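For reference, the structure discussed in these notes is given below.
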Amino acid sequence: MKEKESKKTIYVPDIAKITRIEEVTPTEKLFNIVFEEPKKQEEFSFKPGQFVELTVFGVGEAPFSITSNPNNKEYFQLCIRNIGNVSGALHRMKEGSKVGIRGPFGNGYFPYEKMKNHNVLIIAGGLGLAPLMSLIRYILDSRDDYKEIMIIYGAVNPASILYKEDIGEWCKRDDIRVCLTVDNPDDKWTGEIGVCTNLIPRVDFPPEDTKVVVCGPPVMYKYVVQELEKKEFAPEDVYLSLERRMECGVGKCNHCHIGNKLSCVDGPVFSLWEIKNLKEAI
Ligand SMILES: Cc1cc2nc3c(=O)[nH]c(=O)nc-3n(C[C@H](O)[C@H](O)[C@H](O)COP(=O)(O)OP(=O)(O)OC[C@H]3O[C@@H](n4cnc5c(N)ncnc54)[C@H](O)[C@@H]3O)c2cc1C
């Protein structure tokens, strides 16, 4: 046994089981996952913004952000868009199927400790809400540790809005402000229309007492940062999750470099201060 353990490398995944699959939009499903080895499940801990490398055996491996609350020790959850080989194979899997998991990876995470006793502004675009869910769930567990919370979320259309149930619950609370917008409304949509950047001018949090987190498609970052700069948020108080084409997840293959940084080990969450002079970053 000892010999077997000593041969285990960072490239060997642990076997885990998909215990629940929920279709949340026409293109995204949530997967609850539990390690086969109970001790591994017990010991698995992560920080909001970290990711795992998931293997679909016989197909391939891809990184996915963890969306569940770090306080949840029963399972962890991923939100996966059906886009290609690995994600497509996952979407065809059934509850009970086995996958391989490496991680959690990423040294840059959403700094929930630094956010304590400050206002928190969360800006999500599309699938970018998924990694932020882990942070939002964690913060709401210890709501009193944080000042005001505002969530700005932009989706392409009403059908593509993720986590509708959670958003419905947040909207009922008086201790979180939720601003939802869609690019392309349908006949029933009565809310905001346009990109999430349009809602930033309405933010009235004092910059010196606010931490900002951002996650969305690459095209969004430049415009969000421009709006945040107009509001005079300091670059060291703005955190962005930068996903890049990643392979190993552990800083060996160099696929995910952003200037002199590697998204997998230096990120995927960076402060704007760290990356603002890297032209490939945003
Ligand atoms: C840190 C991190 C966290 C991620 N979290 C999530 C998540 O929570 N949910 C989720 O659905 N996806 C997430 N992704 C993306 C995911 O890892 C895969 O890239 C995606 O699922 C496509 O893989 P595939 O094998 O299904 O598609 P493939 O068969 O590899 O490719 C399908 C198409 O997408 C393009 N493509 C694939 N990956 C990328 C990329 N990274 N950048 C640009 N183009 C690409 C390919 O060129 C191809 O055109 C994350 C990526 C990173 C780096």
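Here the structure is a predicted model, which means the values were calculated and not measured. Whatever order the structure lists ligands and atoms in, that order sets their numbers, starting from 1.
- Within a 4.0 Å radius of atom 19 (O) of ligand 1, the protein has no heavy atom.
- Residue-level proximity to ligand 1 for R81 is carried by backbone and side chain together, each with a heavy atom below 4.0 angstrom.
- Among protein heavy atoms, the minimum distance from atom 26 (O) of ligand 1 is reached at S87 OG, 2.5 Å.
- For atom 7 (C) of ligand 1, the candidate residues are P218, A130, C79; the nearest heavy-atom contact is made by C79.
- Ion pair K73/E42 not flagged as a salt bridge, since none of the NZ, NE, NH1 or NH2 atoms sits closer than 4.0 Å to an Asp/Glu carboxylate oxygen.
- The shortest contact between atom 21 (O) of ligand 1 and any protein heavy atom is with F64 CE2, 3.4 Å.
- Between K164 and E169, no side-chain nitrogen of the basic residue sits less than 4.0 Å from a carboxylate oxygen of the acidic one, so the salt-bridge criterion is not met.
- Distance alone, capped at 3.5 Å, places no donor-acceptor pair between the S97 side chain and the M93 backbone.
- Those atoms of ligand 1 that come under 4.0 Å of a heavy atom in V86, given as number and element, are 24 (P), 25 (O), 26 (O).
- Nearest protein neighbour of atom 5 (N) of ligand 1, counting heavy atoms only, is S65 N, 3.1 Å.
- Within a 4.0 Å radius of atom 41 (N) of ligand 1, the protein contributes at least one heavy atom.
- With hydrogens left out, the protein atom closest to atom 29 (O) of ligand 1 is N85 N, 2.8 Å, a heavy atom.
- Checking atom 48 (C) of ligand 1 against the protein gives no heavy-atom contact under 4.0 Å.
- For the pair D237 and T210, the minimum side-chain heavy-atom distance is 4.5 Å or more.
- When only non-hydrogen protein atoms are considered, atom 39 (C) of ligand 1 lies nearest to R245 NH1, 3.7 Å.
- Considering only non-hydrogen protein atoms, atom 53 (C) of ligand 1 sits nearest to R244 O, 3.0 Å.
- Remark: aromatic rings of Y138 and Y112 are close, center separation under 6.0 Å.
- Among protein heavy atoms, the minimum distance from atom 31 (O) of ligand 1 is reached at G84 CA, 4.3 Å.
- Using a 4.0 Å cut-off between charged side-chain N and carboxylate O, R177 and D204 make a salt bridge.
- Which parts of ligand 1 touch L127 is read off a 4.0 Å heavy-atom cut-off, strictly below it: atoms 9 (N), 10 (C), 11 (O).
- Checked against a 6.0 Å centroid threshold, the rings of F35 and F76 count as neighbours.
- Salt bridge present: K230 and E227 bring a charged side-chain N and a carboxylate O closer than 4.0 Å.
- Within ligand 1, the atoms closer than 4.0 Å to a non-hydrogen atom of I80 are 11 (O), numbered from 1 in the order shown.
- Ion pair E95/K17 not flagged as a salt bridge, since none of the NZ, NE, NH1 or NH2 atoms sits closer than 4.0 Å to an Asp/Glu carboxylate oxygen.
- In this structure, atom 3 (C) of ligand 1 is in close contact with the protein, since a protein heavy atom lies within 4.0 Å of it.
- Using a 4.0 Å cut-off between charged side-chain N and carboxylate O, E22 and R20 make a salt bridge.
- Under 4.0 Å is where a charged nitrogen must lie from a carboxylate oxygen, and between D175 and R143 at least one such pair does.
- At least one heavy atom of I83 sits closer than 4.0 Å to an atom of ligand 1.
- Between the choices G60, C256, P63, the shortest heavy-atom distance to atom 16 (C) of ligand 1 belongs to P63.
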